[in-house]
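Excluded from the calculations below are hydrogen atoms, water molecules and symmetry mates; all remaining heavy atoms, backbone and side chain alike, are included. All values derive from a computational prediction rather than experimental measurement. Per chain, numbering begins at 1; letters A, B, ... match sequence-line order.
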Number of protein chains: 2
Amino acid sequence: MAAATIKDVAREARVSVASVSRALNGGGGVTAATSARIHAAAERLQYIPHAAARMLITRRTHTVGALLPDLYGEFFSELIRGIDLAARARGLHLLVSSSHGGATEAAAAVRSMQGRVDGLLILSERVDTAFLRANLPKALPVVLLNSAVSGPAFHVINIDNHGGAVAMVRHLLQAGHRSVALIAGPPGNFDASERERGYREAMARYAPRAALTVVAGDFTEESGYRAGQQLLARTKRPAAVFAANDMMAVGCLAAFKDAGARVPEDIALAGFDDIPITRYVTPALTTVRVRIADFGRLALERLADVVEHPGQETPSADTLGFEIVVRDTCGGNKPEQNS
Amino acid sequence: MAAATIKDVAREARVSVASVSRALNGGGGVTAATSARIHAAAERLQYIPHAAARMLITRRTHTVGALLPDLYGEFFSELIRGIDLAARARGLHLLVSSSHGGATEAAAAVRSMQGRVDGLLILSERVDTAFLRANLPKALPVVLLNSAVSGPAFHVINIDNHGGAVAMVRHLLQAGHRSVALIAGPPGNFDASERERGYREAMARYAPRAALTVVAGDFTEESGYRAGQQLLARTKRPAAVFAANDMMAVGCLAAFKDAGARVPEDIALAGFDDIPITRYVTPALTTVRVRIADFGRLALERLADVVEHPGQETPSADTLGFEIVVRDTCGGNKPEQNS
DNA sequence: GGCGCCAACGTAAACGTTTTCATGCGGACT
DNA sequence: AGTCCGCATGAAAACGTTTACGTTGGCGCC
């Protein structure tokens, strides 16, 4: 016995399919009596409208797609959680697709989502304006997450990498540390370069005479460890270290411990992201928190708005707030807030 | 200019729509020459088949759904990653839906996925056989993850909670600890009860004369902290503590530290899950690892098989392997392996 | 040279909806 | 009492694809 169709319901309720559709969807144009009869029949037959047929005629899928570079780690877990929560609240389905290394792969993913989604959330290093223009049907609403493409062409929502970095460096300086070194992220990475820009700007503004120290890193724990060793080996040790993300800060902390340097007495340390681990290392890591779930939620809501009112909204660039969360690795005790 | 349809391609290539369909999908029944002409035309028009229309006629969505209770934490991050990887490898899309507290909510989720997916991955405390029979169209392939429903009615894949617990308790005993206490998980939770069953069985088998000590917990860090305090307050302290999950072990470790008890010298400790944090607490936590990404991958592959060959496979119950990962909280040094 | 067969291709039905348009009917207003 | 309007309802088209079936043409074989 195959699933019941709208025709079955119509027959059962002794009306036409049109009336069934009206009674179940629109609401208008049907007597209360017939509507009740139709609902009863639908209930009896366990009728569930065929999604594909509806999509075909309606041109709406009630689904949004999320294109992500990878799903590794707490960041994406939280991001998806936020997106999913918001989608659920709006009655939207969520189609996820990850692991888009190259541009070709991403292009294939976009193509394969064609017609299955009403809009797209894209978080990827690789996509730029040219790519989007080439691969996106221009009718498809898109919101870019944490993307370097700024122009007025697309909706963008970014984490406040720059602001967070400025605030953290300022916090370290105000805590009394004369010099602050940076462990940078991978070259070419948007988050990394924005955080480095924030570091440089804050140093120039709040400690114009201090030397700039930047050692390389790639966001991994190992690179943080190596960076920590390098920093200790220098003749002029910095008073504080700002790692461009928490994983590197954790690695750096291990290097300091192994070398017998006390944190924060001998050298202060701070990270970026506020991943859960930061609370459990000893001493607990000072870092800048971004509410990732909110990030996802915001992105989905913006996308949903664009889907509802196509072309009305002028592309906007939002930036998500952050907080400096002071724990035990930074020495000072001046909490700071920003949102 | 709307998206190109198959008719546009047919006109462009001066053939019928049927030939276009054959050339692009099946392969058979078309001359090489015409096929080339069709492909060229499709390329020129940037033709992408309308997914919904295809679903409607084909009755295949090339999409699987994943019903999850929540998306919080590293566990689900990894699970989704594994599922997504396998889905991508099979050319399937992934529709996720989380936050299903109650049964009604889960039922609604199942209904709303109706017709959008070829099969369903379900991980939920609340669903039992009765629920599934009531809410699932019996044609829809389903694979249950970590579920208590055993019967021969559904495909099930479980983590080896029982085996892992047995192995860990045995490991603690073999490391020389006379007594092992358990910090239990929330009552009614499947994982929790299986792990407790493993604890009791291992104690009965390997330390039949030792007293059983079970204190309550609910998988949260706080409950682990409280349990740790309770255990220290006892007149007869256990030599080792097995927490039913890592978060509780971490909380318990904090309680021991705060009370001045040395780990593992004064009291040994072990967890379950191998979440990333376990590597970063001091001392690093001994635990039992389950490869969650593999878990997801396996589940999806089984589901894909069922989708391909409907009704052929007899419902199977698989169990995923585990490893004891020995770190610094358990005192002994006898690694053990099992898969 | 006629017959039949096979491959290539076209025609049209079908999938399950939504929606536009037509139809009929009752009641209110002139 | 006749006309008109509005409202509930039904018939049918449309969405874009796949596929069963029919048609054509060419070629081999007798």
Counting only pairs under 3.5 Å, give me each side-chain donor-acceptor contact of residues 91-98 of chain B, with atom names and distances, residues two or more places apart or in other chains.
| unit_1 | atom_1 | unit_2 | atom_2 | d |
| --- | --- | --- | --- | --- |
| His93(B) | NE2 | Ser112(A) | O | 3.4 |
| Ser97(B) | OG | Arg88(A) | NH2 | 2.6 |
| Ser97(B) | OG | His100(B) | NE2 | 3.0 |
| Ser98(B) | OG | Asp84(A) | OD2 | 2.4 |

Sequence neighbours excluded and cut-off under 3.5 Å, please list the side-chain donor-acceptor pairs for residues 49-59 of chain A, or say none.
| unit_1 | atom_1 | unit_2 | atom_2 | d |
| --- | --- | --- | --- | --- |
| His50(A) | ND1 | Ala52(A) | N | 3.2 |
| Thr58(A) | OG1 | Arg54(A) | O | 2.8 |
| Arg59(A) | NH1 | His50(B) | NE2 | 3.1 |

Tell me, please, which residues at least two apart from Arg133(B) pass salt bridge (charged side-chain N to carboxylate O under 4.0 Å, His left out). none

For [X], enumerate each residue passing the side-chain hydrogen bond (donor to acceptor under 3.5 Å, both in side chains) test, keeping only those at least two apart in sequence or located in another chain.
| X | value |
| --- | --- |
| Thr34(B) | none |
| Ser19(B) | none |
| Arg44(A) | Glu12(A) |
| Asn158(B) | none |

Would you tabulate the nitrogen or oxygen pairs shorter than 3.5 Å linking the protein to nucleotides 5-7 of chain C?
none

For Arg60(A) and dT17(C), give me the distance from atom CZ to atom C1', rounded to whole Å. 16 Å

For Leu136(B), give me all partners under side-chain contact (heavy atoms from CB on, under 4.5 Å), at least two apart in sequence or on another chain. Val110(B), Leu120(B), Leu132(B), Leu140(B), Val142(B), Phe154(B)

According to salt bridge (charged side-chain N to carboxylate O under 4.0 Å, His left out), does anything in residues 291-303 of chain B pair up with another residue at least two apart or in another chain? List the pairs. Arg291(B)-Glu323(B), Asp294(B)-Arg297(B), Arg297(B)-Glu301(B), Arg302(B)-Glu313(B), Arg302(B)-Asp318(B)

Taking protein heavy atoms under 4.0 Å as touching, what does nucleotides 14-24 of chain D look like 5' to 3' if B marks base contact, S marks sugar-phosphate-only contact and - marks none? BBBBBBB----

Of all heavy-atom pairs linking Ala42(A) and Val9(A), the shortest is N-CG1, 4.0 Å

Any stem touching DNA chain D, meaning at least three consecutive Watson-Crick or G-U pairs under 3.5 Å, ordered by first number, would be C:1-30 with D:1-30

